Amino acid sequence: MGKFFDTTPIYYVNDVPHIGHTYTTVAADIIARFHKLQGDDSYLLTGTDEHGAKISQAAEKHNQTPKEYADTISKEFNEAWDKLNINYSRFIRTTDEDHIKTVREFLQKMYDNDAVDKEPRLYKGLYCVGHEKFMSPEELVDGLCPDHKTAPIEYSEENYYFKLSLFQKQLEELISTDQIKIRPETRKNEILGKLKQGLEDISISRANLEWGIPLPFNPKHSIYVWIDALINYYTFGKEKGIWPTDLHLVGKDILWFHSVIWPAMLLSVGEQPPKEVFAHGFFSIGGQKMSKTIGNVIKPEELIQKYGVDGTRYVLLAAFPFGEDGDFSWELFDKLYNGNLANGLGNLIARVAKLAQDNNISEPKNDFAISEEVSQLIQNYHLNAALTYIWNQIADTDKLINLQKPWTLKGGELETALKELILHIKQIAHNLQPFMPETSEKILKQFAGEVTVQPPLFPRI
RNA sequence: CGCGGGGUAGAGCAGUGGCAGCUCGCGAGGCUCAUAAUCUCGAGGUCGUUGGUUCGAAUCCAACCCCCGCAACCA
């Protein structure tokens, strides 16, 4: 028994929930539920990231204030996770009062500790309006932005800088010794490689941004949205007294922020860095990159409508090795659903329930926990391998039925055979608890006391 | 140019020095408890190319070919 605290990234309200957000969040929920079942004091944090210029622009388009706009999108995320049975401890928003207060205190402390310059640096650069970012002179072709064919504006702005470069040695040490454990291993190597190339100080404020948290030591500046966002983990962790984070689950695109910038920020205020950062892979859609522009984004509602809540949780995690990229297609997910849920798990439950009901067999009493093998796999975040293991248990039980042929047996032999099968099923149901909580509960209920036939768990599609 | 991922059976993938595997699909057979479900057997691969290291290479090394991603909203 111990404490376990894991997080999803907080999602930027510039975008509505899609399959990528869903994947991260379901995985984080499975890990958190697993720890709870093991008796740990388990916390899962998710939420939305709501500040920044992009949000105020999007709000303007919808004729809303930034807060109104953020409220709308944030609610979509929150509702999606409720539908998916995500057992979060808190849904945090960067517009929450306590978060804003914590961010200001955090930044003040960075400032007091000399991790932030006392005076802003003047940043001069070439700003491309199309990109909404500064371009380096090398990126320009004939003085024009190669993508937009426009001349960038010469623009200068005063920014406060975080002295990230001071932490290079310490981070290399912490990461290479797994005190900040980065997984999968290839990602750790990537980060270490990038660290060796040197760290530059980073700007943490914006001068002309209204939709943001003011810098405590100079309210004319707003805090850069990434800095604001990362602190959400600390807002919750500090309040609950459960710091540091045991696991930040992130997409591979934001690993740098979570494994380098965020730990450095924590070190600068004398707090412990996260124990582990795990970067999972991305979905492509039918061989193409997932993109709003292409319009091939899959929404969680579409998945739930087709596969149900637990069906969605299952197919997302069963489809690919956890940590690696995978190519989504409805064909693949349909196959997984029909093959493994309808024909596999669902059918096994149906056939044993019928045999037990017809012969008035009642539940054998026994104590159960998650199988040791499954437990090990989940602890190492081999979620997909854990599911494979459980499905082998299902296949083995099907084989056992065909071997025993209970429909040819009578009396004591029949009872012994069926009770053995029921024990197998209960073990499977327990192993499924973190992955498919509703299904697991349904099965355990169905096989409690007098076993009865129930409607199919997963009708074929 | 750079960085990263990948090329293994019809499809999707696992396998990082020791007899090439899994799932789906396909073919044949069995069972009848079950959601046209389940079980058994089978066919199908010169592991991208070339060269090297080794008793032995899908696996290690070198060169090359091809696909995808990052630099543009996006987990």
Side-chain angles (χ1 to χ4, degrees), chain A residues 8-12 14-28 46 54 58 77 128 130-133 135-136 138-139 145-148 186-187 189-190 193-194 197 249-256 279-285 287-297 316 318-321 324-327 329 331-332 334-336 338-359 384-385 388 391-392 394-409 414 417-418 421 453 455-461:
Chain A
T8 75
I10 51 172
Y11 304 114
Y12 204 43
N14 188 37
D15 194 14
V16 293
H18 58 60
I19 190 171
H21 306 118
T22 310
Y23 184 59
T24 317
T25 308
V26 168
T46 189
K54 286 244 162 69
F77 277 98
C128 170
H131 278 100
E132 294 176 32
K133 69 162 211 175
M135 311 280 289
S136 70
E138 297 87 60
E139 286 176 291
C145 165
D147 295 328
H148 296 94
T186 53
R187 301 283 168 221
N189 295 336
E190 267 179 49
K194 219 173 156 186
Q197 291 169 25
L249 192 59
V250 299
K252 60 183 184 180
D253 57 334
I254 54 174
L255 179 61
W256 181 254
H280 64 70
F282 275 9
F283 286 104
S284 54
I285 312 287
Q288 274 189 310
K289 181 183 169 177
M290 186 174 85
S291 137
K292 272 204 260 183
T293 323
I294 299 173
N296 59 359
V297 174
L316 279 173
F320 315 106
E324 281 164 44
D325 291 347
D327 187 38
S329 72
E331 291 74 20
L332 171 66
D334 285 358
K335 262 189 195 172
L336 283 169
N338 276 333
N340 295 345
L341 294 178
N343 300 348
L345 178 61
N347 182 57
L348 173 66
I349 299 302
R351 62 196 301 214
V352 177
K354 181 67 162 53
L355 286 163
Q357 178 180 275
D358 288 355
N359 296 289
N384 149 284
T388 303
W391 256 262
N392 281 332
I394 292 171
D396 288 345
T397 310
D398 269 325
K399 280 174 198 157
L400 185 62
I401 298 175
N402 286 40
L403 200 72
Q404 287 179 335
K405 305 190 198 324
W407 52 92
T408 64
L409 301 176
L414 175 64
L418 285 180
L421 293 175
V453 172
L457 287 171
F458 300 100
R460 284 182 66 86
I461 51 175

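Computed from a predicted structure; not experimentally measured. Chain identifiers are assigned alphabetically (A, B, ...) following the order of the sequence lines, protein sequences preceding nucleic acid strands; residue numbering begins at 1 within each chain.
Between the CG atom of N338(A) and the C1' atom of U23(B) there is a distance of 14 Å, rounded to whole Å. Whole-Å rounding puts the H21(A) NE2 to C74(B) P distance at 9 Å. One atom, CG of L400(A), and another, P of C33(B), lie 17 Å apart when rounded to the nearest Å. Here A37(B) presents its P atom at 15 Å from CG of L341(A), a figure rounded to the nearest Å. For the pair Y23(A) OH and C74(B) P, the interatomic distance rounds to 21 Å; values are reported in whole Å. For L345(A) and A37(B), the CG to P distance is 16 Å, given to the nearest whole Å. Regarding W256(A), its CH2 atom lies at a distance of 19 Å from the P atom of C70(B), rounded to whole Å. The distance from atom CG of N392(A) to atom C1' of C39(B) is 16 Å, rounded to the nearest whole Å.
Base pairing analysis places C3(B) opposite G69(B); the two distances defining the Watson-Crick or G-U wobble pair are each below 3.5 Å. The partner of A75(B) is absent, by the rule that a Watson-Crick or G-U pair needs both atom distances under 3.5 Å. In a base pair of the Watson-Crick type (N1 to N3 plus N6-O4 or O6-N4) or a G-U wobble (N1-O2 and O6-N3), with each distance short of 3.5 Å, A28(B) is matched with U40(B). Applying the Watson-Crick and G-U wobble criteria (two distances, each under 3.5 Å), C64(B) pairs with G48(B). Across the strands present, U23(B) finds its partner in A11(B); the criterion is a Watson-Crick or G-U wobble pair with both atom distances under 3.5 angstrom.
With C1' as the reference atom, U46(B) and A9(B) are 13 Å apart, rounded to whole Å. On the P atoms, U35(B) is 22 Å away from G30(B), given to the nearest whole Å. Nucleotides C33(B) and G18(B) place their C1' atoms 45 Å apart, quoted to the nearest Å. On the P atoms, C55(B) is 38 Å away from G12(B), given to the nearest whole Å. For the P atoms, the distance linking A62(B) with C67(B) amounts to 23 Å, nearest Å. Taking atom P in both G5(B) and G45(B), one finds a spacing of 31 Å when rounded to whole Å. Going from the P atom of U23(B) to that of A14(B) covers 15 Å, rounded to whole Å. Separating the P atom of C66(B) from that of C1(B) is a span of 11 Å, rounded to the nearest Å.
In this structure, R351(A) does not reach the U35(B) phosphate: none of its side-chain N or O atoms is under 4.0 Å from OP1 or OP2. OP1 or OP2 of A34(B) sits under 4.0 Å from a side-chain N or O of K354(A).
Residue F320(A) is out of contact with every strand shown, counting any heavy-atom pair closer than 4.0 Å. Note on N343(A): only backbone sugar-phosphate atoms sit closer than 4.0 angstrom, heavy atoms only; bases stay farther off. The residue N14(A) sits close only to the backbone: its heavy atoms come under 4.0 Å of sugar-phosphate atoms, none of a base.
Closest to the side chain of W407(A), from the set C33(B), A37(B), A14(B), is C33(B). Checked against A34(B), C33(B), A75(B), the side chain of H18(A) finds its nearest nucleotide in A75(B). For R460(A), taking side-chain heavy atoms from C-beta onward, the closest of the listed nucleotides A75(B), C24(B), U35(B) is U35(B). The K335(A) side chain lies nearest to C24(B) when the options are A14(B), A75(B), C24(B). Side-chain proximity of K399(A) to A34(B), C33(B), C39(B): nearest is C39(B). Taking the side chain of I401(A) as heavy atoms from C-beta on, and the options A75(B), C33(B), A37(B), the nearest nucleotide is C33(B). Proximity note for A350(A) (side chain, C-beta onward) versus A75(B), C39(B), U35(B): the nearest is U35(B). Comparing U35(B), C33(B), A75(B) against the side chain of L457(A) picks out U35(B) as the nearest. For L355(A), the listed nucleotide lying nearest its side chain is C33(B); candidates were A37(B), C74(B), C33(B).
Listed for the N384(A) side chain is a donor-acceptor partner under 3.5 Å among the backbone atoms of F320(A). In this structure a side-chain-to-backbone donor-acceptor pair under 3.5 Å is missing from N340(A) to L345(A).
Put simply, F282(A) rests on the base of A75(B): the two rings are less than 5.5 Å apart at their centres and nearly parallel, under 30°.
In this pair, Y11(A) and F77(A) present their aromatic rings parallel. The plane angle is below 30°, not in the 30 to 60° band.
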